[in-house]
Amino acid sequence: MSWPAGYGRIVLDETDSTMAEAARRAGTLAGPEWVMARRQTAGRGRRGRAWANPEGNFAATLVLQPREAPGVVALRSFVAALALFDAMVAVTGRADPFALKWPNDVLLNGGKVAGILLETHAGGALAIGIGVNLVAAPGAAEVEAGAVRPVSLMAETGAAVGPEDFLDQLAQAYAVREASFVTYGFAPIREAWLSRAARLGETVTARTGTSETVGRFETVDPSGNLVLMTAKGRVGIAAADVFF
Ligand SMILES: O=C(O)CCCC[C@@H]1SC[C@@H]2NC(=O)N[C@@H]21
């Protein structure tokens, strides 16, 4: 497996969180850099949740210095989700058990196998944190009530993939999707994402900390919003957790 040209790589035995590591290093990096850790002692997920990271699972953050407007930069969550999907297919040889859940989870046999966390830094750096349950998944009791059950790649498919091998696949897949995004914009990424979307056309619930919207999952719009057809009409949602 070749490493993508122009991307750097740092592999640490242990850190608190690769997001924190990325924040500490962002100002010093000359170009895109993958920061991977074999162990995280304080991994974090979306909405301030903790992210468990037993050894053997994958934890890495890609640090980029994008030049676009913030709304365009944020669309890289879809770029990353697609790349993650591609890497899963590359390591298992199968696409059918995988699906993408808005905004950027990867599902395997309907369970959550991977998550993505985006953070931006003063100075404009973008940190894309990716966690994959390669060998172990948290118990159902450790996740929010009603959330998709966590699963591991190994338990669901039998594939035994080490974090560094997974990084090779993911970095290559990301570089391909990033080049498409920079050259052709969001449209082909959006189409590819939608063709892999879980529960498209079905009724889902989108929850923020303060509101709940139930509707038919119609599409993701060109700004990356979740579009639901509700009893009151079409609604675009910029940020939420989705429940099936
Ligand atoms: O809540 C989610 O689904 C996103 C989880 C993101 C976890 C990854 S693991 C690598 C990086 N470092 C962190 O502390 N979090 C992200």
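We count ligands from 1, going down the list as the structure has it; atoms in each ligand are counted the same way. Keep in mind it's a predicted model, so treat the numbers as computed, not measured.
For the 3.5 Å distance criterion, the side chains of Asn57 and Asn53 fail to qualify, holding no donor opposite an acceptor.
With a 4.0 Å cut-off on non-hydrogen atoms, Gln40 touches ligand 1 through its side chain and not its backbone. Contacts of Thr61 with ligand 1, taken as heavy-atom pairs under 4.0 Å, involve the side chain alone. At a heavy-atom cutoff of 4.0 Å, ligand 1 is contacted by the side chain of Lys112 but not by its backbone. With a 4.0 Å cut-off on non-hydrogen atoms, Ala20 does not touch ligand 1 at all.
Scanning all protein heavy atoms for the shortest distance to atom 1 (O) of ligand 1 gives Arg46 N, 2.7 Å. Scanning the protein heavy atoms around atom 16 (C) of ligand 1, the nearest turns out to be Arg44 O, 3.7 Å.
Between Asp168 and Arg9, at least one side-chain nitrogen of the basic residue sits less than 4.0 Å from a carboxylate oxygen of the acidic one, meeting the salt-bridge criterion. Looking at Arg234 and Glu218, a side-chain N of the basic residue comes within less than 4.0 Å of a carboxylate O on the acidic one, giving a salt bridge. Note on Arg94 versus Glu156: no salt bridge recorded, every NZ/NE/NH1/NH2 to OD/OE distance being 4.0 Å or above.
A cation-pi arrangement is absent between Arg196 and Phe98, since the terminal nitrogen or guanidinium carbon is not both under 6.0 Å from the aromatic centre and inside a 45° cone about the axis.
Close contacts of ligand 1 with Ser17, meaning ligand atoms under 4.0 Å from a residue heavy atom, involve 12 (N), 13 (C), 14 (O). Set against the non-hydrogen atoms of Trp51, the atoms of ligand 1 under 4.0 Å away are 2 (C), 3 (O), 5 (C), 7 (C), 9 (S). Of all the atoms in ligand 1, the ones that sit under 4.0 Å from a non-hydrogen atom of Asp105 are 3 (O). Contact atoms of ligand 1 toward Gly43: 14 (O) (distance under 4.0 Å to a heavy atom of the residue). Atoms of ligand 1 found under 4.0 Å from any heavy atom of Thr18, numbered from 1 in the order shown, are 10 (C), 11 (C), 12 (N).
For the salt bridge (Lys or Arg N to Asp or Glu O under 4.0 Å) with Asp241, the lone residue among Arg207, Lys101, Arg49 that qualifies is Arg49. Evaluated for a side chain to side chain contact (heavy atoms under 4.5 Å, CB included) with Met19, the options Val35, Val63, Leu118, Leu117 yield exactly one hit, Leu117.
Between Met19 and ligand 1 there is a heavy-atom distance shorter than 4.0 Å.
Val79 is connected to Val72 through a chain of hydrophobic side-chain contacts under 4.5 Å among Ile, Leu, Val, Met, Phe, Trp and Tyr, so both are in one cluster.
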